[in-house]
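Written out below as structure tokens is the structure these notes cover.
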Number of protein chains: 2
Amino acid sequence: MSIASDLLRGNTDTIILASLVEHDSYGYLINKEIMAKTEAQIELKDATLYSAFRRLEKEGLVTTYWGNEDVGARRRYYSITEKGREAYGQNKAEWQKAKQMIDSLLV
Amino acid sequence: MSIASDLLRGNTDTIILASLVEHDSYGYLINKEIMAKTEAQIELKDATLYSAFRRLEKEGLVTTYWGNEDVGARRRYYSITEKGREAYGQNKAEWQKAKQMIDSLLV
DNA sequence: AAGTATACCTTGACAGGCGAGGTATATTGT
DNA sequence: ACAATATACCTCGCCTGTCAAGGTATACTT
């Protein structure tokens, strides 16, 4: 059984940012990598993924550009901004705290 | 800064069930205890709390009865059912797994 | 020619959180 | 005496994030 989406909610943006910290990437690949790393227990549905991208872009946490593939389907790349790196750090810290707090409530 | 509600979502029902595992309780007290235990970093807004109760009741995870206070405001008590205990165990297990998976994605 | 993989996108429905509003009783402060 | 605060419950309607369902286009395999 894969992870309920309500448990992921609030972390999707952070997860996407995480995959952009090292290098630029694109939607399809990000999704595949997440599935590979979690043995398909976490999967961002593509509608969810793309709506997250719009949100991140609007907030200035990522920028985007079209790749110039001369073969295959076009790719839209995403790049994390400085603001995005900061947000990532904060989100991660908040996640650590939330984890701890929730754990303290679950006997 | 308190914990973003999207990080709690998916855990609110579990948190409520947790506070009913040891003994019956009522909304106002459950809320106070959660705030006390987390130094007010987690707070279920009462609209959230009561809608969660309706949900848990509908799913047969809790039962409810009116307390017979002869003084002060009336209290509606909640009692966890056997089904509720099972759900609690499963939710907790899923939370453990989700934690692990999310952590594996956040570099 | 059909199927699968890669790669993107939009729309509309749904569920949970919660701000804002409401009711009622008891205690504490001035 | 009266106001304020704490206790204790409740509903309505908005907002936001997820995602099923639908769509487009290219390239490779069978």
Side-chain angles (χ1 to χ4, degrees), chain A residues 2-17 19 24-36 40-59 61-62 64-78 91 98 102, chain B residues 2-17 19 24-36 40-59 61-62 64-78 91 98 102:
Chain A
S2 63
I3 304 299
S5 60
D6 274 345
L7 286 175
L8 258 25
R9 198 164 174 147
N11 287 300
T12 55
D13 290 11
T14 315
I15 289 171
I16 292 170
L17 290 176
S19 63
D24 294 2
S25 191
Y26 57 97
Y28 191 81
L29 181 60
I30 289 172
N31 220 346
K32 289 282 158 192
E33 283 180 350
I34 289 169
M35 282 195 280
Q41 294 199 82
I42 290 183
E43 185 199 354
L44 302 181
K45 301 294 149 51
D46 62 351
T48 304
L49 188 68
Y50 291 115
S51 86
F53 281 140
R54 299 296 154 265
R55 201 162 52 233
L56 291 168
E57 213 183 332
K58 202 167 139 195
E59 288 166 9
L61 306 185
V62 302
T64 179
Y65 57 93
W66 284 102
N68 53 348
E69 283 67 46
D70 47 338
V71 75
R74 79 227 150 112
R75 297 173 180 165
R76 183 193 277 280
Y77 283 86
Y78 294 91
N91 289 357
I102 292 169
Chain B
S2 64
I3 304 300
S5 60
D6 274 345
L7 286 175
L8 256 26
R9 197 167 173 144
N11 287 300
T12 55
D13 289 10
T14 313
I15 289 170
I16 292 170
L17 289 176
S19 62
D24 294 3
S25 190
Y26 57 96
Y28 191 80
L29 181 61
I30 289 172
N31 220 348
K32 289 282 157 191
E33 283 181 351
I34 289 169
M35 283 195 279
Q41 295 199 80
I42 289 183
E43 185 199 354
L44 302 180
K45 301 294 148 51
D46 62 351
T48 303
L49 187 69
Y50 291 115
S51 84
F53 281 140
R54 300 296 154 263
R55 201 161 52 234
L56 291 168
E57 214 183 330
K58 202 167 137 195
E59 289 166 6
L61 307 186
V62 301
T64 179
Y65 57 93
W66 285 101
N68 53 345
E69 282 68 45
D70 47 338
V71 74
R74 78 227 151 112
R75 297 173 180 165
R76 182 193 278 280
Y77 282 86
Y78 293 92
N91 290 357
I102 292 169

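Letters A, B, ... are given to chains in the order of the sequence lines, protein chains preceding strands, and every chain is numbered from 1.
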Problem set entry | All side-chain hydrogen bond (donor to acceptor under 3.5 Å, both in side chains) counterparts of A:Asn31, not counting sequence neighbours | none
For this session: Apply side-chain hydrogen bond (donor to acceptor under 3.5 Å, both in side chains) to A:Asp46 and list each qualifying residue two or more places apart in sequence or on a separate chain.
Result: none
Exercise. When every nucleotide of nucleotides 5-19 of chain C is labelled 5' to 3' by its protein contacts under 4.0 Å (heavy atoms), B for base, S for sugar-phosphate only, - for none, what sequence of letters results?
Worked result: -BBBBB----BBSBB
Problem set entry | Short side-chain to backbone donor-acceptor contact, B:Ser2 and B:Ile42, under 3.5 Å | no
Exercise. In terms of ring plane angle, is the pair B:Phe53 and B:Tyr78 parallel, tilted or perpendicular, where the classes change at 30° and 60°?
Worked result: parallel
For this session: Output yes when a side-chain donor or acceptor of A:Thr12 lies under 3.5 Å from a complementary backbone atom of A:Arg9, and no otherwise.
Result: no
For this session: Round to a whole Å and report the spacing from CG of A:Leu7 to C1' of D:dG17.
Result: 14 Å
